[in-house]
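Read through the structure below, which is laid out as structure tokens, and then see the notes.
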Amino acid sequence: MAELPIQLIERLESSKRLVFFTGAGMSAESGIPTFRGEDGIWKKFKPEELANFNAFRKNPELVWEWYKYRREIISNTRPNPGHLAIAELEKYYSVEVITQNVDNLHRRAGSKIIYELHGNIEKNYCIKCNKRYDFFDFKLIDNKNICECGGFIRPDVVWFGENLPLDQFNNGEEAAKWSDILFVVGTSAVVYPAAYIPYEAKKAGSFLVEINLDETEISSICDINIFGKAGETLSDILSKVKQIKGE
Ligand code: OAD
């Protein structure tokens with residue numbers, strides 16, 4: 001087990017409410033590529049052709065092809081030890097998760113309170129009548145993405161230029177502001193409005209702990225920076241908490 005900073009251990013001893021703000025690096029150890037960086041998704045694909053509503057109107061088949069590809073990757077992955085550690089921490093703290101990821105891995109790991117800022121790739125809705133096709137049979141939807149009303153069904157993910165789901169954002173922000181510790185895990189923190197959340201939490205007095213392989217836009221405002229893999233570091237944190245709680 002890696003040594004954790006003493007200030008973090010002291011905080012873990014006195015805290016009640018933990019909030020995790022997660023990005024693509026959280027799921028990297030599950031085998032899901034991140035967006036930026038050398039092997040990032042946006043190095044290989046153009047968001048303007050794939051992740052916006054105009055692209056979908058122009059060429060829904062292409063956009064569905066792309067989501068089918070990503071769903072395929074995601075459906076073959078599993079929550080990693082980091083997702084599982086966050087879920088297990090619920091035994092010891094009040095825990096809430098705010099995620100920018102659409103991969104559903106926090107839910108699959110067992111976390112109960114999750115704010116999905118950018119939607120969920122396993123959910124869909126019709127752009128004409130709004131009928132939901134949540135956790136819809138993938139094969140059927142991939143072959144026939146037309147609603148019974150005749151409208152196009154789209155994935156329930158936030159595309160460039162679209163608003164975030166307001167309830168998810170507001171509730172997530174509120175949770176972050178009330179947290180004793182906000183862990184900022186595996187995000188480059190460059191996509192807004194999501195990236196406002198750690199700043200708001202800091203202003204409200206939360207203690208910020210960043211877990212990332214590298215320095216990011218948010219590093220300088222964090223109280224502690226742990227440069228390491230999310231899965232490994234969160235497992236270490238869980239082990240330390242078990243020690244603190246006498247297990
Ligand atoms: P990015 O790809 O921008 O950043 C991923 C971060 O994870 C980087 O800072 C990496 O250093 C870090 N990282 C990679 N592997 C890691 C590991 N094993 N452990 C810890 N950290 C690791 O992804 P996001 O910040 O999530 O938006 O991107 C934000 C948004 O941009 C996404 O939600 C998506 C994208 O466009 C939408 O789709 C709306």
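We number each residue from 1, following the sequence as shown. Whatever order the structure lists ligands and atoms in, that order sets their numbers, starting from 1.
We find that Lys202 and Asp223 are joined by a salt bridge, their nearest charged nitrogen and carboxylate oxygen being less than 4.0 Å apart. Ion pairing between a basic and an acidic side chain is recognised when a charged N comes within 4.0 Å of a carboxylate O; Glu88 and Lys245 show no such pairing. Checked for salt-bridge contact, Glu90 and Lys112 meet the test: a charged N lies under 4.0 Å from a carboxylate O.
Proximity of His118 to ligand 1, defined as any heavy-atom pair under 4.0 Å, is confined to the side chain (atoms from C-beta onward).
Under the 30°/60° scheme for interplanar angles, the aromatic rings of Tyr67 and Trp159 are found to be tilted.
Heavy-atom contacts of Glu29 reach the following atoms of ligand 1: 17 (C), 18 (N), 19 (N) (cutoff under 4.0 Å). Shown in contact with Ala24 at under 4.0 Å from a heavy atom are these atoms of ligand 1, numbered in order with element: 23 (O), 24 (P), 26 (O). Atoms of ligand 1 found under 4.0 Å from any heavy atom of Ala230 (numbered from 1 in listed order, with element): 17 (C), 19 (N), 20 (C). Per-residue contacts place Asp214 under 4.0 angstrom from the following atoms of ligand 1 (heavy atoms of the residue considered): 11 (O). Taking every non-hydrogen atom of Phe160 and a distance limit under 4.0 Å, the qualifying atoms of ligand 1 come out as 36 (O). Residue contact check: Gly23 has heavy atoms under 4.0 Å from atoms 26 (O) of ligand 1. In summary, the atoms of ligand 1 found under 4.0 Å from a heavy atom of Gly186, numbered by their order in the structure, are 5 (C), 6 (C), 7 (O), 21 (N). Near Val158, meaning under 4.0 Å from one of its heavy atoms, ligand 1 places the atoms 39 (C).
Ile86 is listed as a side-chain neighbour of Met26, based on a closest heavy-atom distance under 4.5 Å. The shortest side-chain heavy-atom distance between His106 and Phe20 does not fall under the 4.5 Å cut-off.
Nearest to atom 1 (P) of ligand 1 by heavy atom, out of Gly231, Ser188, Ala195, Gly119, is Ser188. Nearest to atom 16 (C) of ligand 1 by heavy atom, out of Ile41, Leu213, Thr216, is Leu213. Atom 29 (C) of ligand 1 has its nearest heavy-atom neighbour, among Lys229, Gln100, Glu217, in Gln100.
Not one N or O on the side chain of Asn101 forms a donor-acceptor pair closer than 3.5 Å with the backbone of Asp103.
Close to ligand 1: Gly228, with a non-hydrogen atom less than 4.0 angstrom away.
Protein heavy atom nearest atom 25 (O) of ligand 1, with residue, atom name and distance: Thr187 OG1, 2.7 Å. The shortest contact between atom 30 (C) of ligand 1 and any protein heavy atom is with Val191 CG2, 3.6 Å. The protein atom (non-hydrogen) at minimum distance from atom 17 (C) of ligand 1 is Gly25 O, 3.4 Å. In this structure, atom 36 (O) of ligand 1 lies nearest to the protein heavy atom Trp42 NE1, 3.0 Å. In this structure, the protein non-hydrogen atom closest to atom 32 (C) of ligand 1 is Phe35 CE1, 3.6 Å. From the protein, the heavy atom lying nearest to atom 9 (O) of ligand 1 is Asn212 ND2, 3.0 Å. The protein heavy-atom contact nearest to atom 28 (O) of ligand 1 is Arg36 NH1, 3.1 Å.
Summarising the local packing, CD of Glu247 is surrounded by more than 12 heavy atoms from other residues, nucleotides or ligands at distances under 6.0 Å.
Nearest heavy atoms, Ala230 versus Glu29: N-OE2, 3.2 Å.
For the atom pair Thr233 OG1 and Ile211 CD1, the distance stands at 5.5 Å (nearest 0.5 Å).
Judged by the 6.0 Å and 45° rule, Lys131 forms a cation-pi pair with Tyr133.
Using modelled atom types and a 3.5 Å distance limit, the side chains of Asn120 and Asp156 yield no donor-acceptor pair.
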